[in-house]
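Some notes on the structure that comes next.
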2 protein chains.
Amino acid sequence: MKWDELDTNWCPVARAMSVVGDRWTLLILRDCFLGISRFEDFQKSLGVTRHVLSERLKRLVEAGVIEKHAYSVKPPRFEYKLTPKGKDLGPALAALKDWGKMYMPVRRQVQSEN
Amino acid sequence: MKWDELDTNWCPVARAMSVVGDRWTLLILRDCFLGISRFEDFQKSLGVTRHVLSERLKRLVEAGVIEKHAYSVKPPRFEYKLTPKGKDLGPALAALKDWGKMYMPVRRQVQSEN
DNA sequence: AGTGATAGGTTCTATAATAGAACGCATTCC
DNA sequence: GGAATGCGTTCTATTATAGAACCTATCACT
């Protein structure tokens, strides 16, 4: 199969990956679960480029995983919130969290010389 | 943060993604759970390029998620098997499977004109 | 002994995705 | 009339992935 045809795959895991399998997507959703909802906050939290963040949010909205709505019209300001479909990714994220806690111990980042 | 520094992140989900967050990796592991163990079989099952498959398997072995061992020396033949660490990704994959079943209905692939 | 098949890769080039910085717009604050 | 904030888009450079070809070792057949 091809990566951009995962949505028609027989396997439900593959179909799930067609929505949440791209780089950064699952971490954006983790941030949603932590209460983050604004573009700037996702960007600061993750360090993902604005370009990619914009593209991922658009995709997640299209897929019905999150919703975008204006919390202010003047000035125009938006927030992204999990839909029920998005909230139901909670168990998957929780399982990844548990696994990470168990098997991926925290290692201090090596400080650069400069 | 940067994608290749996820392993030092404070968040266990991010640290998990440092191992299983790359394209195709979670689907390779799904295949492992389905009993697939050989290079050729992963490749046929997923359609991933041999280059990427090789790289992902190497990474998963390094991370201790799967083990490579020879099941024949003459001719040299190998199989990849889940370690306990890898088997403990079962709940995460199961959660993704459930979510995919629930929210991503099977759609027939549109047939090409040619 | 030569030919083809099988398994497990590596190497090569072309294309697609991501990184990183800059820019644009609307609005508010000073 | 700046400067700051929030939410993006656009641009170029670098990295990752796709797709095909190639290599090695062995066996099976003729």
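Just so we're on the same page: letters track the sequence lines, and every chain starts at 1. Please read all numbers here as calculations on a predicted model, not as lab measurements.
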Within this structure, what is the [atom1]-to-[atom2] distance between [X] and [N], rounded to whole angstrom?
| X | N | atom1 | atom2 | value |
| --- | --- | --- | --- | --- |
| Trp24(A) | dA17(C) | CH2 | C1' | 14 Å |
| Asp22(A) | dA16(C) | CG | P | 15 Å |
| Lys58(B) | dT11(C) | NZ | C1' | 12 Å |
| Glu55(A) | dA16(C) | CD | P | 15 Å |
| Arg77(A) | dT28(C) | CZ | C1' | 9 Å |
| Phe42(B) | dA7(C) | CZ | P | 14 Å |
| His51(A) | dA17(C) | NE2 | P | 10 Å |
| Trp3(B) | dA19(C) | CH2 | P | 9 Å |

Inset, instruction - Could you say whether Arg23(A) or Asp41(A) is positioned toward the 5' end of DNA chain D, judged by the nucleotide with the nearest heavy atom to each? - result: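 Upstream on the strand: Asp41(A).
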Inset, instruction - Let me know, please, whether Arg56(B) or Val73(B) comes out on the 5' side of the other along DNA chain D by nearest nucleotide. - result: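 Taking each residue's closest nucleotide, the earlier one in sequence belongs to Arg56(B).
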Inset, instruction - Mind checking Phe78(A) for me? I need base, sugar-phosphate or nothing, with any heavy atom below 4.0 Å counting as a touch. - result: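 Touches sugar-phosphate only.
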Legend entry - Sugar-phosphate, base or nothing in reach of Tyr71(A), heavy atoms under 4.0 Å: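 Sugar-phosphate contact only.
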Inset, instruction - Would you mind checking if Arg50(A) and Glu40(A) are paired as a salt bridge, meaning a charged N to carboxylate O distance below 4.0 Å? - result: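 Looking at Glu40(A) and Arg50(A), the cut-off is met.
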Inset, instruction - Kindly state each residue pair satisfying ring pair (Phe, Tyr, Trp, His ring centres under 6.0 Å) with at least one member in residues 34-64 of chain A, sequence neighbours excluded. - result: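 Found none.
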Inset, instruction - Could you give me the CA-CA distance, side-chain angles and deciding distance for Arg23(B) and Arg56(B), then say whether side chain to side chain contact (heavy atoms under 4.5 Å, CB included) is met? - result: CA-CA 9 Å; Arg23(B) 191 179 274 195; Arg56(B) 295 294 185 273; 4.1 Å; yes
Inset, instruction - Please indicate whether Lys101(A) has more than 12 foreign heavy atoms, meaning atoms of other residues, nucleotides or ligands, lying under 6.0 Å from its NZ. - result: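 No.
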Inset, instruction - Check whether any side-chain heavy atom of Asp7(A) sits under 4.5 Å from a side-chain heavy atom of Arg15(A), and report yes or no. - result: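 No; the side chains remain at least 4.5 Å from each other.
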Legend entry - Where chain A begins and ends its contact with DNA chain D, read 5' to 3' at 4.0 Å from heavy atoms: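 Range of nucleotides touched by chain A: dT5(D) to dG19(D).
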Inset, instruction - Only counting residues at least two apart or in another chain, list the ones meeting side chain to side chain donor-acceptor pair (under 3.5 Å) with Arg38(A). - result: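 Expected list: Tyr71(A).
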Inset, instruction - May I ask you to check if Lys68(B) and Phe78(B) form a cation-pi contact, with NZ or CZ under 6.0 angstrom from the six-membered ring centre and within 45° of the axis? - result: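 Yes, cation above the ring, under 6.0 Å and within 45°.
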